[in-house]
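Below is one structure, written out as C-alpha cells; the observations come after it.
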Amino acid sequence: MDRRMEKTKKSHRAHGSRTKAVPADPEKEQRETIRAFLRTYTHFFGRIDKRFASLSDPRKPQSPDDVEYSVASLVFLCVLMHSSMLGARRQIRLKLFTTFLVQLFKAIFDVNSVPHGDTMNYVLIGLQFDEVQEVLCGMTETLINKRVLETQRLFDRYYVIAIDGTQLRSYRERHCAHCLTKTKNGITRYYHYVLEAKLVTPSGFAFSILTEFVENTDVIDPAASEEKRKQDCELKAFYRLVDRLHARFPRLPLLLSMDGLFAVGPVFERCERYKWKYMISLSDDQVASINEEFEALATVTPENRRLWHTGPNREIKQRFRWVNDIIYIDSKRSKHQVNVVECLDTRPDTNNEPKTTKFKWVTNVVVTADKVIPLANNGGRIRWKIENEGFNAQKKGGYNLEHAYSNDYNGMKIYYLILQIAHLIMQLLEKGNLLRRNFPNGFGSLRDLAYRLLEALRNVALSIQEYDALCTEAIQIRFNSS
C-alpha cells in the first residue's frame with residue numbers, strides 16, 4: 001500500500017495538476033505570483049498604462065483631469081476580472097475591492113481607488129471594436145516580432161492559423177438586430193456567433209490574432225418572416241476575416257488550418273491569391289471528385305506511403321497515403337490544383353484496445369515523405385487546439401466566455417476581445433518559468449493559477465518603485481515546450 005501511495009504522489013508531482021505546492025511562506029508566494037503576472041506582461045508588452053493608452057475615450061474629456069479613471073485603467077481592471085476568472089462584473093466589487101489592489105492601481109495609474117464594475121462597463125461598451133482588436137492583434141504581433149514563437153513554426157517557416165467559429169449567446173427572443181436565427185420544429189432561437197483566427201503551436205499556445213463576428217447588418221424588415229431574412233454565415237465571415245488578416249499581415253508566411261466547411265473553390269482561390277498554405281479537413285463524402293481522384297491515383301502511386309510510430313512507448317501507429325496534383329473544377333468552373341493527405345491513426349482506447357481514426361486533408365502544400373508527418377500532425381490535426389486550448393478552455397475552464405458581461409451588443413464584443421487578451425497573458429504566465437521556482441510541485445490548471453492570482457491581488461500590493469523596477473528589469477522568460 002505504501003509503495004502504491006508513493007507512486008501516486010510521484011505521478012501527481014510529475015504532472016503538476018493534482019497536487020498543489022505547499023508554500024513555506026504564503027505571503028511570499030502571493031507576492032511572487034503578482035510579480036510574475038506583471039513581469040510577464042511588462043517583459044513582452046511594456047508598461048500596462050501605455051499598451052492600452054491608444055484606445056479612444058468614449059467620454060470625450062477635454063483633458064485627462066476631467067475623468068477620474070483612464071480608459072487604460074478600466075481595460076486593465078477587465079483584464080484582471082478575466083485573468084482571475086471572476087466570471088461576472090459584480091464579483092469585482094465583492095472580491096477585488098481591497099486596499100491591496102488600490103495600492104496596485106496607485107502604482108500603475110496614479111489613482112487612489114479601484115473603479116467600480118459599473119464604471120468599467122459604462123466606458124467599455126463605448127469603445128471602438130477596431131481599436132480594441134488592434135491592441136489584441138498587436139500583442140500577438142509583438143510575440144511574433146520578438147521571436148517568441150519562431151521555433152513553433154511549421155517547416156521552420158509557416159505560422160499555423162487555426163480558423164473556427166463558436167456560439168457565444170443564445171436567446172428565446174431577439175436580442176438585437178444583429179442576431180442570427182435558427183428555426184427547428186417551429187421554434188426560433190436567436191444567437192450570436194464569432195469566427196476566430198488563432199495562432200496555434202505544438203506546445204499548446206492558442207493566441208487570438210483576429211476576430212470576425214458573424215452578424216446580420218441589414219436593416220430588419222418588420223414585415224419579413226424570420227425564414228426570409230437574409231443571414232450572415234460563417235463562409236461570408238471567413239472572406240471578411242482573411243481579407244483583414246492579409247491587409248494586417250501582408251508578408252507573414254501562414255498556413256491556415258480549417259475544417260471541412262471551407263473545402264470549397266473560393267477558399268482555395270483566396271489562399272492562393274494571398275500566397276498562403278492551407279490544410280482543410282476532408283471527409284469521404286465531401287467534394288466527391290477530389291475523393292474519387294485520390295482513391296484512383298493512390299492505387300498507382302504505392303511509393304507515396306509512410307508508416308510512423310510515435311507516443312511515449314511507440315504505442316501510436318500512423319499510416320500515411322498522399323497524392324499530389326489533383327485537378328479540381330469548382331461550381332464556378334474555376335480550376336484548382338490540390339493535394340490530398342490521409343492518415344490512419346491507431347492508438348489504444350480507454351480499454352487498451354486498438355482504435356483507428358481516419359483523418360484526411362486537402363492542401364496546397366506539395367507532400368513528400370519528409371513533410372507528411374509534420375504536415376499532418378502540426379498542420380492538420382493541430383487545428384483542434386483552437387477548440388481545446390481555445391474555445392473549450394474559455395467556456396469550460398473558468399473564463400465564462402458565454403456569460404453576458406454586457407447586454408449591449410458592442411459591449412459584448414469588447415468583453416470578448418478583452419477576454420482574449422487576458423487568456424493570452426495567462427497562457428504566457430502558465431507556460432513561462434517565472435513561477436516554477438515558487439511552485440516546484442506545479443500549480444495545477446489555469447483555473448488553479450487564476451485562483452492564486454486572485455488571492456495575490458487581494459492580499460499583496462506593490463509600491464510605485466517596485467512597479468517601475470519591474471518595467472525596466474532585464475529578465476529572460478523560457479517556456480515549457482512539452
Side-chain angles (χ1 to χ4, degrees), residues 82 87-90 121 124-130 132-133 162-198 208 210-244 258-264 266-267 280-281 283 285-287 331 383-384 386-388 390-420:
H82 288 310
R89 284 190 287 120
R90 66 179 180 275
N121 184 61
L124 262 53
I125 64 175
L127 295 181
Q128 298 296 313
F129 176 86
D130 290 344
V132 182
Q133 170 75 97
I163 295 181
D164 204 356
T166 192
Q167 181 175 296
L168 297 181
R169 311 275 188 278
S170 178
Y171 310 89
R172 288 190 175 90
E173 298 180 354
R174 179 175 288 280
H175 168 253
C176 66
H178 302 287
C179 286
L180 304 176
T181 63
K182 185 184 300 182
T183 301
K184 184 177 180 180
N185 298 327
I187 300 174
T188 299
R189 298 286 296 184
Y190 304 87
Y191 64 100
H192 291 300
Y193 197 89
V194 66
L195 188 67
E196 264 287 314
K198 287 186 184 293
S208 177
L210 216 57
T211 298
E212 183 69 37
F213 276 80
V214 186
E215 55 188 351
N216 290 328
T217 56
D218 296 337
V219 176
I220 294 177
D221 179 4
S225 65
E226 294 289 358
E227 292 79 4
K228 292 183 178 180
R229 289 172 181 162
K230 291 184 178 180
Q231 286 209 93
D232 196 12
C233 69
E234 204 167 336
L235 266 176
K236 292 178 183 177
F238 169 83
Y239 300 129
R240 299 195 301 270
L241 176 68
V242 296
D243 288 347
R244 291 171 53 214
M258 300 173 280
D259 66 24
L261 172 69
F262 302 102
V264 294
V267 172
I280 305 176
S281 296
S283 63
D285 56 358
Q286 276 184 300
V287 199
S331 60
R383 183 184 67 82
W384 287 102
I386 195 173
E387 283 286 343
N388 297 334
F391 298 137
N392 287 345
Q394 293 175 9
K395 287 184 176 183
K396 302 175 183 178
Y399 287 100
N400 216 5
L401 178 66
E402 297 169 297
H403 177 72
Y405 290 96
S406 173
N407 287 323
D408 179 86
Y409 180 63
N410 185 68
M412 179 194 75
K413 298 200 291 186
I414 299 301
Y415 279 99
Y416 176 88
L417 292 178
I418 298 176
L419 189 152
Q420 305 309 311

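Quick caveat: nothing in here was measured; it's all calculated off a predicted structure. No hydrogens, no waters, no symmetry mates; every other heavy atom, side chains included, goes into these values.
For Y171, the ring pair (Phe, Tyr, Trp, His ring centres under 6.0 Å) partners two or more places apart in sequence, or in a different chain, are H175, H192.
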Quick one, S406 with D408, criterion side chain to side chain donor-acceptor pair (under 3.5 Å). Give me CA distance, side-chain angles, the key distance, then yes/no. CA-CA 5 Å; S406 173; D408 179 86; 5.0 Å; no
>> Under the criterion side chain to side chain contact (heavy atoms under 4.5 Å, CB included), I'd like the reasoning laid out for Q394 against E402: C-alpha separation, chi angles, the key distance, then a yes or no.
In response: CA-CA 9 Å; Q394 293 175 9; E402 297 169 297; over 6 Å; no
Can you list the steps and then say if L417 with Q133 is a side chain to side chain contact (heavy atoms under 4.5 Å, CB included)?
-> CA-CA 7 Å; L417 292 178; Q133 170 75 97; 4.1 Å; yes
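Using a 4.5 Å heavy-atom cutoff, the side chains of L168 and Y193 are not in contact. Proximity of V194 to T211: side-chain heavy atoms (C-beta onward) are separated by under 4.5 Å at one or more points. Looking at heavy atoms from C-beta onward, I418 lies in side-chain contact with H82 at the 4.5 angstrom threshold. Residues H403 and Y415 form no side-chain contact, since every pair of their non-hydrogen atoms from C-beta on lies 4.5 Å or further apart. The shortest distance between side-chain heavy atoms of Y191 and R169 does not fall below 4.5 Å. Within the 4.5 Å cutoff, side-chain heavy atoms of L235 are placed close to those of F262.
How far CE of M258 is from CD1 of I280: 3.5 Å, rounded to the nearest 0.5 Å. The distance from the CG atom of L124 to the CE atom of M412 is 14.0 Å, given to the nearest 0.5 Å. Atom NZ of K396 is separated from atom CZ of F391 by 13.0 Å, given to the nearest 0.5 angstrom. F213 contributes atom CZ, which lies 12.0 Å from atom CG of L241 (distance to the nearest 0.5 angstrom).
The two residues P266 and Y239 have their closest heavy-atom pair at CB-OH, 3.2 Å. Taking every heavy atom of both residues into account, R383 and S281 meet most closely at NE-OG, 4.0 Å. Closest of all the heavy-atom pairs between V214 and A237 is CG2-CB, 3.7 Å. Pairing each heavy atom of L419 with each of Y399, the nearest pair is CD1-O, 3.6 Å. Across Q231 and T181, no two heavy atoms sit closer than the pair OE1-N, 2.6 Å.
Counted by atom type alone, T188 and T183 present one or more donor-acceptor pairs between their side chains at under 3.5 Å. A side-chain donor from one of E196 and S208 sits under 3.5 Å from a side-chain acceptor of the other. The closest side-chain donor-acceptor pair between T166 and K395 falls under 3.5 angstrom.
Checked by atom type and distance alone, the side chain of R174 never pairs as donor or acceptor with a backbone atom of R189 at under 3.5 Å. N185 places no side-chain N or O within 3.5 Å of a backbone atom of I187 that could act as its donor or acceptor partner. Between the Q286 side chain and the G260 main chain, a donor and an acceptor come within less than 3.5 Å of each other. Counting only distance, with no hydrogens or angles, the side chain of N410 and the backbone of I125 share a donor-acceptor pair below 3.5 Å. Judged purely by atom type and a 3.5 angstrom limit, N216 uses its side chain to pair as donor or acceptor with the backbone of D232.
When ring centroids are compared, Y405 and Y416 stay outside the 6.0 Å threshold.
For E215 and K413, the salt-bridge test passes: some basic side-chain N is under 4.0 Å from an acidic carboxylate O. In this structure, R244 pairs ionically with E212, as a charged nitrogen and a carboxylate oxygen lie closer than 4.0 Å.
Screening I386, V242, L210, V267 for a side-chain contact (heavy atoms from CB on, under 4.5 Å) with I163, the sole residue that qualifies is V242.
Shown here is R90, whose CZ atom has no more than 12 heavy atoms of other residues, nucleotides or ligands within 6.0 Å.
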